[in-house]
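Written out below as structure tokens is the structure these notes cover.
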Amino acid sequence: MNDDSWNDSPAIPLPLGGPGQVPRCDQCKRQGTSEILKRCGGCSTMLYCSKECQKAAWPSHKSFCRLPPSRATELTVNPSPINIAKIVKEWILLHASTFKALLNTTVYLGGGVAHALSTPRGIVCRLVMRRDWDGNPAAPFHLVSLVLEHRDNAEVLGGQWDGLMASCKKAEEPFRATQSSTIAGVVPIVFWIKDNGGFLVNNYFPVTRTRLADDTALDERTRIALFGLNVHCKRCLDGGFVYNEIKELRGAGTGALDLGRYRKKGKKWKWERRALDDPELMEMWLQNSALTGGMTVPETWKVYDELRLS
């Protein structure tokens, strides 16, 4: 992929953190509380412990903080690039199980784990923010594409490869320290959001090992199942369908019961299970069955679950 529209897109590093992270100043990294750390008045996202830190951060932060007045009306919800980067993070965490399956199946179908880690490759995910977004945290974007790319064929990777590799090495440290047998390594992932002139969000993800001695040549049934699951995960991300608990999918036929959507109740968005006769779900199930030669979605999850180490 060689797309000139990637050129000069600002890149926002966004390591995925979990709940309970200690708030820090985004400039000096000092830990603090809500009394010490104050939010930027422009984007209401970045935290600073003092005016000095805010001023020091401004040269690099200003391109993410606000839109020029002429562009501000183009994106009425969360117009700041840094806010959209935050929405990306929340979207990934909400779809954590689906996203993990999508990334792993992309690697498995793209030549295997060793192939992805032994050559300069990364995941490129292209997103477009919904113009009619109503605030649903599970459906802020249209997923345009998600592919495993070689650095030399994806300008977005080659232009910042050193920084991506430095982040990946740092992300691998906890897995090396615990000598994890399930994680083979870390692959960089770059999100390109085609809004506000285009900008990038850099990340990484740990690749799960498979149970195969050689995963470069998958048998036909496994490849078909992984392809079907890959397509299903993309549809879930694009359509805002969220799996509540992937572990329950280990029982055949339970997948549909745990797929739902977020609905607004009062001021909060809450997960709501979808009925099995929901027309949109039924259409999704039928489309996947056609792709996989009759395999159901829970059956494709089962093949994936049995393939990877857990």
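In this text the structure is predicted, and so the values were computed from the model without any measurement.
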*Minimum side-chain heavy-atom gap L212-L218 below 4.5 Å*: yes
_H95 vs F241 side-chain heavy atoms within contact, under 4.5 Å_ = no
_CG on L229 to CD1 on I224, rounded to 0.5 Å_ = 14.0 Å
*Locate the shortest heavy-atom distance separating V187 from C168; write the atom from each residue and the value.*
C-SG, 3.9 Å
*Do L237 and F99 touch side chain to side chain, with heavy atoms closer than 4.5 Å?*
yes
*Atom pair CG (D305) and OG1 (T300), whose distance is rounded to the nearest 0.5 Å*: 11.0 Å
*At what distance, to the nearest 0.5 angstrom, does CD1 of I123 lie from CG of N203?*
12.0 Å
*Which heavy atom in R221 sits nearest to a heavy atom in V303, and how many Å separate them?*
NH1-CG2, 3.4 Å
*asked:* Tell me the closest heavy-atom pair linking Y108 and T208, and the distance in Å.
replied: OH-O, 2.7 Å
*Worked verdict on Y262 versus L94 for side-chain contact (heavy atoms from CB on, under 4.5 Å)*: CA-CA 10 Å; Y262 273 73; L94 199 64; 3.1 Å; yes
*Cation-pi, W192 ring and R126 (6.0 angstrom, 45 degrees)*: no
*Non-hydrogen side-chain atoms of L47 and R24 separated by less than 4.5 Å*: no
*Nearest atoms (heavy-atom pairs only) where S97 meets W301*: O-CH2, 4.3 Å
*To the nearest 0.5 angstrom, please state how far the CG atom of L226 sits from the OG1 atom of T210.*
10.0 Å
*Side chains of F227 and T105 in contact at under 4.5 Å (non-hydrogen atoms)*: no
*Please test C236 against V242 for side-chain contact (heavy atoms from CB on, under 4.5 Å), starting from the C-alpha separation and ending with a verdict.*
CA-CA 7 Å; C236 287; V242 180; over 6 Å; no
*Please examine the side chains of H115 and R121, heavy atoms only from C-beta on, and report whether any two atoms are closer than 4.5 Å.*
yes
*What's the verdict on side-chain contact (heavy atoms from CB on, under 4.5 Å) for F141 and M129, showing C-alpha distance, side-chain angles and the deciding distance?*
CA-CA 4 Å; F141 304 106; M129 195 161 189; 4.1 Å; yes
*Report whether W285 and M295 are members of the same hydrophobic cluster (ILVMFWY, side-chain heavy atoms less than 4.5 Å apart, transitive linking).*
no
*Just checking, any donor-acceptor pair under 3.5 angstrom between side chains of T106 and N230?*
yes
*Which atoms form the tightest heavy-atom contact between A57 and Q27, and what is the distance?*
CB-OE1, 3.3 Å
*Checking E172 side chain against V186 main chain: does a donor-acceptor pair fall under 3.5 Å?*
yes
*Closest approach of A184 to V113 (non-hydrogen atoms, all atoms of both residues)*: CB-CG1, 3.3 Å
_Within the 4.5 Å heavy-atom criterion, are K234 and D238 side-chain neighbours or not?_
no
*Heavy-atom side-chain contact between R151 and M165 under 4.5 Å*: no
*Yes or no on side-chain contact (heavy atoms from CB on, under 4.5 Å) for F191 and L146, after CA distance, side-chain angles and deciding distance?*
CA-CA 9 Å; F191 297 88; L146 186 144; 5.7 Å; no
*Taking atom CG of L157 and atom NE2 of H150, what is their separation to the nearest 0.5 Å?*
10.0 Å
_Centroid separation Y243 to W271 less than 6.0 Å_ = no
*Going by distance alone, is a donor N or O of one side chain under 3.5 Å from an acceptor N or O of the other, for N104 and Y304?*
yes
_Measuring from atom CG of N288 to atom SG of C233, what distance do you get when rounded to the nearest 0.5 angstrom?_
9.0 Å
_Centroid separation under 6.0 Å, is that true for the rings of W133 and H142?_
no
*asked:* Between N136 and R130, is there a side-chain donor-acceptor contact under 3.5 Å, judged purely by atom types and distance?
replied: no
_CZ (R235) with more than 12 external heavy atoms under 6.0 Å_ = yes
*In chain order, what residues pass the salt bridge (charged side-chain N to carboxylate O under 4.0 Å, His left out) check against R263, with sequence neighbours excluded?*
E272
